[in-house]
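Bear in mind that the values here come from a model prediction, so they are computed numbers and not experimental data.
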Amino acid sequence: LALAGRAAAFAPDAAEAAGSDIPSGSASSDGSSAPSSPSGQMRQAEQAFVAEGQGELGLEKNEVVRVTHDPEGERNGSSDRWVYGRSESSGECGWFPLSHTSPIEETM
């Protein structure tokens, strides 16, 4: 997979990666709040992803990652895009294909 026109070494600045631009979500018809993009969302890898370039985050099947930056989320509702995130197990950060992951419920 190619990094879809992004410089492989590009990483969002610290404020963006920390989620300062994460949308608060929108209310759904049942009154609950649902995020409009996966930024800040915990996701689990459904399949492995081998990092091929600098700035990419390799994923093992079932690994849990948190999306910290989703630049195309508001414009592109498709899961066929790249997002930036952090592995919960290793702490490593990088770009990975959103399509390789699925959302998981966070429990408090």
Side-chain angles (χ1 to χ4, degrees):
L1 293 171
L3 198 50
R6 295 192 194 291
F10 170 79
D13 67 32
E16 290 175 340
S20 65
D21 64 341
I22 295 173
S24 60
S26 57
S28 64
S29 60
D30 66 0
S32 64
S33 180
S36 56
S37 79
S39 284
Q41 183 181 69
M42 300 291 281
R43 299 185 67 91
Q44 184 170 24
E46 295 295 319
Q47 65 188 61
F49 168 69
V50 177
E52 296 179 358
Q54 183 180 1
E56 294 181 1
L57 177 63
L59 302 173
E60 298 293 329
K61 185 175 170 107
N62 297 321
E63 183 172 2
V64 176
V65 292
R66 179 178 298 275
V67 175
T68 59
H69 189 66
D70 183 13
E72 297 177 7
E74 294 299 316
R75 298 184 306 273
N76 179 3
S78 167
S79 66
D80 189 23
R81 65 183 186 271
W82 288 76
V83 295
Y84 192 85
R86 179 178 47 84
S87 166
E88 292 294 296
S89 59
S90 71
E92 293 182 21
C93 295
W95 293 97
F96 61 92
L98 187 64
S99 61
H100 282 51
T101 65
S102 62
I104 58 175
E105 294 295 320
E106 291 185 63
T107 57
M108 297 276 177

*Look at the side chain of R66 and the backbone N and O of G40, then say whether any donor-acceptor pair between them is shorter than 3.5 Å.*
yes
*At what distance, to the nearest 0.5 angstrom, does CD of E56 lie from CH2 of W82?*
4.0 Å
*Quick one: pull up CG in L98 and CG in D70 and give me the separation to the nearest 0.5 Å.*
6.5 Å
*Quick one: are V83 and H69 in side-chain contact, heavy atoms under 4.5 Å?*
no
*Any chance you could measure Y84, atom OH, to L57, atom CG, to the nearest 0.5 Å?*
8.5 Å
*S102 and Q44: side-chain donor and acceptor closer than 3.5 Å?*
no
*Could you give the distance from CD (E88) to CD1 (I104), rounded to the nearest 0.5 Å?*
8.5 Å
*Should we say atom CD of E60 is surrounded by more than 12 heavy atoms from elsewhere, each under 6.0 Å from it?*
no
*Does R86 use its side chain to pair, donor to acceptor, with the backbone of C93 at less than 3.5 Å?*
no
*Is there a donor-acceptor pair under 3.5 Å between the side chain of S90 and the backbone N or O of S87?*
no
*Answer yes or no: does atom CD of Q47 have more than 12 heavy-atom neighbours from other residues, nucleotides or ligands under 6.0 Å?*
yes
*Search all heavy atoms of G58 against all heavy atoms of A51 and return the closest pair with its distance.*
N-CB, 3.7 Å
*Euclidean distance, R81 CZ relative to W95 CH2, rounded to 0.5 Å*: 11.0 Å
*Heavy-atom pair with the smallest gap, counting every atom of A48 and H100*: O-CD2, 3.5 Å
*How many angstroms lie between atom CG of D80 and atom CD of E72, to the nearest 0.5 angstrom?*
9.5 Å
*Charged N-O contact under 4.0 Å between K61 and E63*: no
